[in-house]
Amino acid sequence: MGRELPKPDRTRIFTVSNQKGGVGKTTTTVNIAAALASAGLNVLVIDIDPQGNASTALGIEHHADVDSIYDVLINDLPLKDVVAPCPDIPNLICAPATIHLAGAEIELVSLVAREQRLRRAIDVYSKEREKNGEGRLDFIFIDCPPSLGLLTVNAFCAASEVLIPIQCEYYALEGLSQLLKNIEMIQKHLNADLVVSTILLTMYDGRTNLAAQVASEVRQHFPEQVLSAVVPRSVRISEAPSYQQTVMTYDPSSSGALSYMEAAAEIAER
């Protein structure tokens, strides 16, 4: 990748969220994480989507017998016991999701401090890394399920920034207002430090007027947050996970990989 990016002065924790499915949440999570890691930064991806797609794309085992983020949230297993290194990319580690997470929403309901469990696990893990002389994490990305249950609330409580991928299509802004209302509620009651810092336009098809129209509308509403990098519709991006890879290693010179590299650089330099 060859590009060095500046280290942040503290760990930046992002929740990648949009309750609309199919907008490129997981794809964005793993590719931005991979781009930052390949530029020399220490990155952790936490997969809290029961489907475990982020774990798959990073080549991390996540069958039912693997200790996963489920055990961290429900059984208080330390995060350090579940993180695994991504085989293709140095500096990138992942806390995998397993199918057990599908029932976690219900199990969390009765637990003490149920909204803060992920946040606490991350705090403890960061302190342990420091104590053991391991490098500080520069970025943490939490990949959420496309719903607003307790798993997503845990992610919002643990993060300081929200990254919203928006698909350049007709209904893009509809779901967004609902998402922003939910984030406002979290800010009011659970995590006052949370900000929507970054919006990334995904699945951009330059041949259509609609894509350009949606892009300019989103930029109008959120001039500060929208990255100038846009992610095109790309066969390479969608093929990569079936090889248990991100597009960064699957086809580093493709337009998809280059646009994620550009988006990652913008995020790091902000």
Side-chain angles (χ1 to χ4, degrees), residues 11-19 21 25-30 32-34 37 42-87 89 91-129 134 137 139-163 186 190-191 194 241 244 246:
T11 304
R12 291 176 67 186
I13 306 179
F14 282 85
T15 284
V16 182
S17 180
N18 191 334
Q19 77 269 21
K25 265 196 308 293
T26 298
T27 306
T28 293
T29 304
V30 296
I32 286 189
N42 288 322
V43 185
L44 163 64
V45 170
I46 297 178
D47 188 357
I48 59 165
D49 184 345
Q51 293 175 41
N53 295 341
S55 310
T56 302
L58 295 174
I60 307 292
E61 288 207 343
H62 60 104
H63 52 78
D65 304 332
V66 170
D67 283 338
S68 73
I69 201 71
Y70 169 84
D71 301 284
V72 173
L73 292 172
I74 306 295
N75 305 326
D76 293 320
L77 192 69
L79 197 48
K80 72 168 169 35
D81 294 352
V82 307
V83 295
C86 171
I89 300 169
N91 314 325
L92 180 56
I93 54 178
C94 171
T98 55
I99 193 65
H100 298 305
L101 270 179
E105 296 282 357
I106 298 160
E107 292 177 78
L108 278 165
V109 172
S110 58
L111 296 180
V112 175
R114 59 192 182 187
E115 296 96 355
Q116 305 288 347
R117 295 180 78 83
L118 183 58
R119 181 181 201 149
R120 282 219 301 268
I122 292 172
D123 287 347
V124 169
Y125 178 58
S126 301
K127 290 194 180 100
E128 275 174 351
R129 281 182 70 99
E134 295 172 73
L137 290 166
F139 286 89
I140 298 175
F141 291 94
I142 307 168
D143 188 34
C144 292
S147 65
L148 287 154
L150 273 172
L151 288 172
T152 302
V153 170
N154 261 277
F156 281 140
C157 289
S160 46
E161 302 182 53
V162 184
L163 191 171
I186 302 276
L190 292 165
N191 180 3
L194 190 64
Q244 303 205 328
T246 64

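For this chain, numbers begin at 1 and follow the sequence in order. All figures in this text were calculated on a predicted structure; none of them were measured in a lab.
Leu108 has its side chain within reach of Leu151: a pair of non-hydrogen atoms, C-beta onward, lies under 4.5 Å apart. Using a 4.5 Å cut-off on side-chain heavy atoms (C-beta onward), Ile69 and Leu118 make contact. When side chains are defined from C-beta on, Val82 counts as touching Leu79, because their heavy atoms get closer than 4.5 Å. Inter-residue side-chain proximity for Pro145 and Ile48 is flagged as met; some heavy-atom pair is nearer than 4.5 Å. Side chains of Leu148 and Val153 form no contact here, defined as non-hydrogen atoms less than 4.5 Å apart. You'll find the side chain of Val66 reaches within 4.5 Å of the side chain of Pro96, heavy atoms only. Side-chain atoms of Val109 and Arg114, non-hydrogen and from C-beta on, do get closer than 4.5 Å to each other. Side-chain contact between Glu107 and Leu111 is absent, with no heavy atoms from C-beta onward closer than 4.5 Å.
In this structure, CZ in Phe141 is found 10.0 Å from CG in Leu92, a value given to the nearest 0.5 Å. Of the inter-residue distances, the one linking Lys80 atom NZ with Arg129 atom CZ reads 12.5 Å to the nearest 0.5 angstrom. Annotation: the span from Ser160 atom OG to Arg119 atom CZ amounts to 8.5 Å, rounded to 0.5 Å. Atom CG of residue Leu190 and atom CD of residue Glu115 lie 5.0 Å apart, to the nearest 0.5 angstrom. Separating the SG atom in Cys86 from the CG atom in Leu58 is a distance of 5.0 Å, to the nearest 0.5 Å. Between atom CZ of residue Phe14 and atom CD1 of residue Ile46 there is a gap of 14.0 Å, rounded to the nearest 0.5 Å.
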| request: Determine, step by step, whether Asn53 and Asp143 satisfy the side chain to side chain contact (heavy atoms under 4.5 Å, CB included) criterion, reporting the C-alpha distance in whole Å, the side-chain angles of both residues, the deciding distance to 0.1 Å, and the verdict. | output: CA-CA 9 Å; Asn53 295 341; Asp143 188 34; 5.6 Å; no

| task | Decide yes or no on side chain to side chain contact (heavy atoms under 4.5 Å, CB included) for Ile89 and Thr246, but give the supporting numbers first. | result | CA-CA 10 Å; Ile89 300 169; Thr246 64; 4.0 Å; yes

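Taking both residues in full, the closest heavy atoms of Pro146 and Lys25 are given as CB-NZ, 3.6 Å, listed atom of the first, atom of the second, then distance. The minimum heavy-atom distance linking Thr26 with Ala54 is given by the pair CG2-N, 3.4 Å. What you find for Ile60 and Ala84 is that their closest heavy atoms are CD1-O, 3.7 Å. Taking all atoms of both residues into account, the shortest heavy-atom contact from Ala64 to Ile99 is CB-CG2, 4.4 Å. Heavy atoms only, all atoms of each residue included: Val83 and Ala95 are closest at CG1-CB, 4.2 Å.
Among Thr11, Val43, Asn42, Ile32, the single residue meeting the side chain to side chain contact (heavy atoms under 4.5 Å, CB included) criterion with Phe139 is Val43. With Ile142 as reference, Ile13 is the one residue of Ile13, Thr29, Val16, Leu163 to meet the side chain to side chain contact (heavy atoms under 4.5 Å, CB included) rule. Applying side chain to side chain contact (heavy atoms under 4.5 Å, CB included) to Leu137 and the options Ile122, Asn91, Leu44 leaves one that passes, Leu44.
The backbone N or O of Phe156 lies less than 3.5 Å from a partner atom in the side chain of Asn191, making a donor-acceptor pair. Of the possible donor and acceptor atoms, none in the side chain of Thr152 sits under 3.5 Å from a partner among the backbone N and O of Cys144. A donor-acceptor pair is defined here as one N or O able to donate and one able to accept, closer than 3.5 Å; such a pair exists between the side chain of Asp47 and the backbone of Asp49. Ser68 places a side-chain N or O within 3.5 Å of a backbone atom of Tyr70 that can act as its donor or acceptor partner. Proximity of a side-chain donor or acceptor of Asn154 to a complementary backbone N or O of Leu150 within less than 3.5 Å is detected.
A salt bridge links Arg117 with Asp76: the distance from a Lys NZ or Arg NE/NH1/NH2 to an Asp or Glu carboxylate oxygen falls below 4.0 Å.
In summary, the side chains of Thr56 and His62 do present a donor paired with an acceptor at a separation below 3.5 Å, with no hydrogens or angles considered.
Around atom CD of Glu61, no more than 12 heavy atoms belonging to other residues, nucleotides or ligands sit under 6.0 Å away.
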